[in-house]
Amino acid sequence: MSQQFYVAPEQVMKDRADYARKGIARGKALVGLIAKDGVVLVAENPSATLRKVSEIYDRIAFGGVGKYNEFDQLRIAGVRHADLKGYNYSREDVDARSLANQYAQMLGQIFTHEMKPMEVELLVAEVGGEATHDTLFHILYDGTVMDEERFSVLGGDAEAIKERMENLFSPDLDTAAAVKAAVGALAGPDRELEASDIEAAMLDRDSSHRRTFRRFEDDEVAELLS
Amino acid sequence: MGLRERSRDHRTSDAAAASFAAGEVPHGTTVVAVTIQDGVILAGDRRATAGNLISHRTMRKVFPGDRWSGVAIAGAAGPAIEMVKLFQLQLEHYEKVEGKALSLEGKANQLSIMVRGNLGAAMQGMAVVPLFCGYDRGRAVGRLFEYDVTGGRYEESHYAASGSGSLHAGTVIKLGFKTDMTREEGIDLCISALFQAADQDSATGGPDLVRGIYPIIASITSDGYTEVEESEIAERFGAMVDDLQTATAAPQGGRA
């Protein structure tokens, strides 16, 4: 029979956190920011079909970085949570805070009780009637939730991107300027990102549709960047 | 009394209770759809009846399915509205999970399954018989489907009608139908069909000029689902009524 060695809980948690962080750092980054016309989400993503940014509900969007199958599983759980809640109660009862809490619970549970933590970071964004009512929830692999005021950066190289974002951000950016700022921050000084490397979407504050989520196709992204 | 007889007894009394209830619960009546140049027009009157009483004057029977489709319902109002709500949810949920909307064919089949699921209730007088229309983006045409209570799904190329006034409304459309109608011609034909159905069928509501209640009419074209403004419907009703009055005021040979 093999002998089980004692490992201190601190060490176990640290190892798991390191493992998750490493996995996330390998992936490309995503930026979400609160702009004049709504919440803009921009990710570096060369794939045209595997998405990092998607719609959850009328005024709620989702962004995920890290391991694709893991955050996609969480995305689907989020859509189900929101759709069921809206069906059982009312559409206006579906909000980002409750969804962020739900994600925090799931990620926290997995981080402490499973062998392998999830190698993901999530962004849950909601657009309000005015910019002060917009919300951005940044959720970490261990279930930590952060409520961000202006913008949020997730994924690899987040610290450097965040610093660049500090210089480029302003609350009255229009949509094109917001996308440009996010792409600039993601690219950094040494490289250029093409429209086809970018996945962009927004929650449109003044949308005439009930569902405010709007995805920008490659040609629209090119136009916004020009 | 043996167990078997007793259970049979229960069943008959349940059925009797249900069919009694079916006469008491609100039922929606007449809905019609016609194909036009670039899509489909979908229209429904506003009356709900419970037995011989009018239970609602402003009921909505025409709903969006999603951006590119519409559904109109006839039959027991409660289960029908619930079915639409669930149908809309299914379409939106699929679109969000898969990142791509269902094909029009897929949507029509999904509704068929839901109608089939209601068969038990339909046998006890709570039938729901929808019409489903949409713009098929793959084929760039408007298409329309009608159903029977068993979930049978039938695609129609020109027009369809459902509900108690469907016989009269359907006949009006049949006589007035032309291929490649404009949006306006399609709306006028639907208005006329609902007016004539209301004239012959007590369960179908005509335009209520006192309260300002008009049918709900939607167009589903390459621009998606759009409801026609109430002011436009009122105006078109006015024009139709004027035409009818001139027609009846004219001398009628042999009858005067």
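None of these values were measured; they are calculated from a predicted model. Every chain is numbered from 1, with letters handed out A, B, ... down the list of sequences.
Other residues, nucleotides and ligands contribute more than 12 heavy atoms inside 6.0 Å of the CD atom of B:Q37. In A:Q105, the CD atom is not crowded: 12 or fewer heavy atoms of neighbouring residues, nucleotides or ligands sit closer than 6.0 Å. Heavy atoms from other residues, nucleotides or ligands lying under 6.0 Å from CD of A:E220 number more than 12. More than 12 heavy-atom neighbours from other residues, nucleotides or ligands sit within 6.0 angstrom of CD on B:E184. A:K28 NZ: 12 or fewer foreign heavy atoms inside a 6.0 Å radius. Residue A:M146 places its CE atom among more than 12 non-hydrogen atoms of other residues, nucleotides or ligands, all under 6.0 Å distant. No more than 12 heavy-atom neighbours from other residues, nucleotides or ligands sit within 6.0 angstrom of CZ on A:R97.
Taken to the nearest 0.5 Å, the CZ atom of A:R211 stands 4.0 Å off from the CD atom of B:E95. The structure places CD1 of A:I76 at 8.0 Å from NE2 of B:H93, a figure rounded to the nearest 0.5 Å.
Neither the backbone nor the side chain of B:Q88 has a heavy atom closer than 4.5 Å to any heavy atom of chain A. Residue contact with chain B, scored on non-hydrogen atoms closer than 4.5 Å, is absent for A:F213. If you measure heavy-atom distances from A:R80 to chain B, the contacts under 4.5 Å come from both the backbone and the side chain.
B:K96 and A:I56 get closest at one heavy-atom pair: NZ-O, 2.8 Å. For A:R75 against B:V97, the heavy-atom pair with the smallest separation is NH2-O, 2.9 Å. Across every non-hydrogen atom of B:K85 and A:Y87, the tightest pair is NZ-O, 3.1 Å.
Of all the listed residues (A:R51, A:R215, A:H209), the one sharing the greatest number of non-hydrogen pairs under 4.5 Å with chain B is A:H209.
Side-chain contact check for A:D58 versus B:E92: some heavy-atom pair is nearer than 4.5 Å.
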